[in-house]
Protein chains: 2
Amino acid sequence: MFIEIQTNSSVPIYLQLAQQLIEGIARGELKPGNSLPSVRAFAADLGMNMHTVNKAYHYLEEKEFIQIVAKSGVIIQPNGIPKATAQEQQKLAEQIRPLIAEGLVLKLSEEEMVVMVRQLVQNIKEGTS
Amino acid sequence: MFIEIQTNSSVPIYLQLAQQLIEGIARGELKPGNSLPSVRAFAADLGMNMHTVNKAYHYLEEKEFIQIVAKSGVIIQPNGIPKATAQEQQKLAEQIRPLIAEGLVLKLSEEEMVVMVRQLVQNIKEGTS
DNA sequence: ACCTTTGTTCTACTTCTATTGTAACACATT
DNA sequence: AATGTGTTACAATAGAAGTAGAACAAAGGT
C-alpha cells in the first residue's frame, strides 16, 4: 500500500491518508481482517505526526470501514463492509449533487458525466490516477 | 429564485448560497445576462451579512459563472458559460473521485452509481430535492 | 513478571475559516 | 446632485482544523 501525500494540497493530510486507504479498500488491496500499521509506525513511515494518522483512523472508524481495537491495533472490518444503507446512499448523493450541478452549468451532458463516473470507477479499481 | 439556508448545517452559509445559485443556473432559471440582487439587498432579503453574499458572489466569479461589474452590479455570464475545459473537467473528476471510492467500499455497483448520477441530474433540472 | 507496543487522553499552540459589523471610498446610474 | 453599486479597510468574535508533545493504561510478547 503506497501512500502519497501532497503537503501543499488544500486537502488536509489526514483526509488524503483516509481517502487513499478508502481507495485501497475499494481496490481490494486491503481486505477484511487485514491489519493496518500502528499510528506511531505509520506516522514515522509517512513522516507525519501520530495524531494525524490517528485522525484518519477515526475518520474511517466513524464510517465503519475499520475497527480500532484499543491497545491492540487497527483492522479492516473483519466481517466485511455491509452494503450502503438507503441513508448512506442518500448522504453520498447529497455530497455529489453540487458537483453534478456544477458540471451541468459547465454544459456537461448527463452522458458525459456518466462516462466520467464510469472512468473514475475503473481508475479506482486499477489504482491509476 | 427561492433560497433556503440551513443555519445549522456544516456547509457554510456562503457556500449554500453559491450552490443554490449554481443550481438555479443549471436549471435555466438564471439565464445569461440576468442580473442578481446587490450584495446589500440580497443580504437584507436573506437575513445575512453583506460580506457573506459578497463571498458567495466572488466564489461564483472565480468559476466564471457570473460577472461582477464594479460599481454597477452582478450578472450571469452574458455570453453564456462556455463548456468545461479539459482542465475543469479534470478538476471536477478529482472532486468526485473520493465519493465514488466511498461508494465502491459501500458495495455500490458502477451501475448503481450511474443511476444515482442520472437521478441527480433530473432532480437538479426539476429543482426537486 | 517485565518490557514493549498499542490506542487514548490531556494539554497546547497556531492557523485558518466563517460570520458579522461599521465605515468610508470611487464610480455608475438616474 | 443624489442614490446605489461593488470595493476596501479595519475590527471583532467564535469556532474548527491541523499539528504537536507527553503521559497513561492495558494488551501482547518475551
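Every chain is numbered from 1, with letters handed out A, B, ... down the list of sequences.
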Next item on the list: Take A:M48 and B:V74, find for each the nucleotide of DNA chain D with the closest heavy atom, and name the residue whose nucleotide sits nearer the 5' end.
Entry: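 First, find each residue's nearest nucleotide; the 5'-ward one identifies B:V74.
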Notebook entry, point to check: So does B:R118 pair up with A:E111, basic N to acidic O under 4.0 Å?
Noted result: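 Answer for the salt bridge query: yes.
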Notebook entry, point to check: Would you call A:E29-A:K125 a salt bridge at under 4.0 Å N-O?
Noted result: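 Salt bridge absent between A:E29 and A:K125.
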Integer-rounded Å distance: [N] [atom2] and [X] [atom1]:
X: B:L17; N: C:dT19; atom1: CG; atom2: C1'; value: 14 Å
X: B:L36; N: D:dT5; atom1: CG; atom2: P; value: 13 Å
X: A:L46; N: D:dT19; atom1: CG; atom2: P; value: 12 Å
X: A:K55; N: D:dA20; atom1: NZ; atom2: P; value: 12 Å
X: A:L15; N: D:dA16; atom1: CG; atom2: C1'; value: 14 Å
X: A:N54; N: C:dC10; atom1: CG; atom2: C1'; value: 13 Å
X: B:M50; N: C:dA24; atom1: CE; atom2: C1'; value: 11 Å
X: B:N49; N: D:dA11; atom1: CG; atom2: C1'; value: 13 Å

Margin query: For B:L106, run the side chain to side chain contact (heavy atoms under 4.5 Å, CB included) check against A:K63, A:K83, A:E88 and tell me which one passes.
Written below: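 For B:L106, the side chain to side chain contact (heavy atoms under 4.5 Å, CB included) test succeeds with only one of A:K63, A:K83, A:E88, which is A:E88.
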Check: Taking A:I66 as the fixed residue, which of A:I75, A:I76, A:N34 is the one that meets the side chain to side chain contact (heavy atoms under 4.5 Å, CB included) rule?
Finding: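 That would be A:I76.
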Next item on the list: Report the nucleotide, chosen from D:dT19, C:dT19, D:dG6, that has the shortest atom-to-atom distance to any side-chain atom of B:I13.
Entry: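 Comparing D:dT19, C:dT19, D:dG6 against the side chain of B:I13, the answer is C:dT19.
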Any [X] side-chain nitrogen or oxygen under 4.0 Å from OP1 or OP2 of [N]:
X: B:Y14; N: C:dA18; value: yes
X: A:S38; N: C:dT6; value: yes
X: B:T52; N: C:dT20; value: yes

Check: Any luck finding a side-chain donor-acceptor pair between B:Q16 and B:Q6 under 3.5 Å?
Finding: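 The criterion, which ignores hydrogens and geometry beyond distance, is not satisfied for B:Q6 and B:Q16.
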Check: Taking atom types as they are modelled, is there a donor-acceptor pair under 3.5 Å from the base of D:dG21 to the side chain of A:H51?
Finding: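 Under the 3.5 Å cut-off, the side chain and the base do form a donor-acceptor pair.
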Next item on the list: Can you check whether any acceptor in the base of D:dG4 is under 3.5 Å from a donor in the side chain of B:R40, or vice versa?
Entry: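 There is none.
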Note to self: What contact category does B:Y57 fall into here, base, sugar-phosphate, or nothing, at under 4.0 angstrom with non-hydrogen atoms?
What the structure shows: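 It contacts nothing in the nucleic acid.
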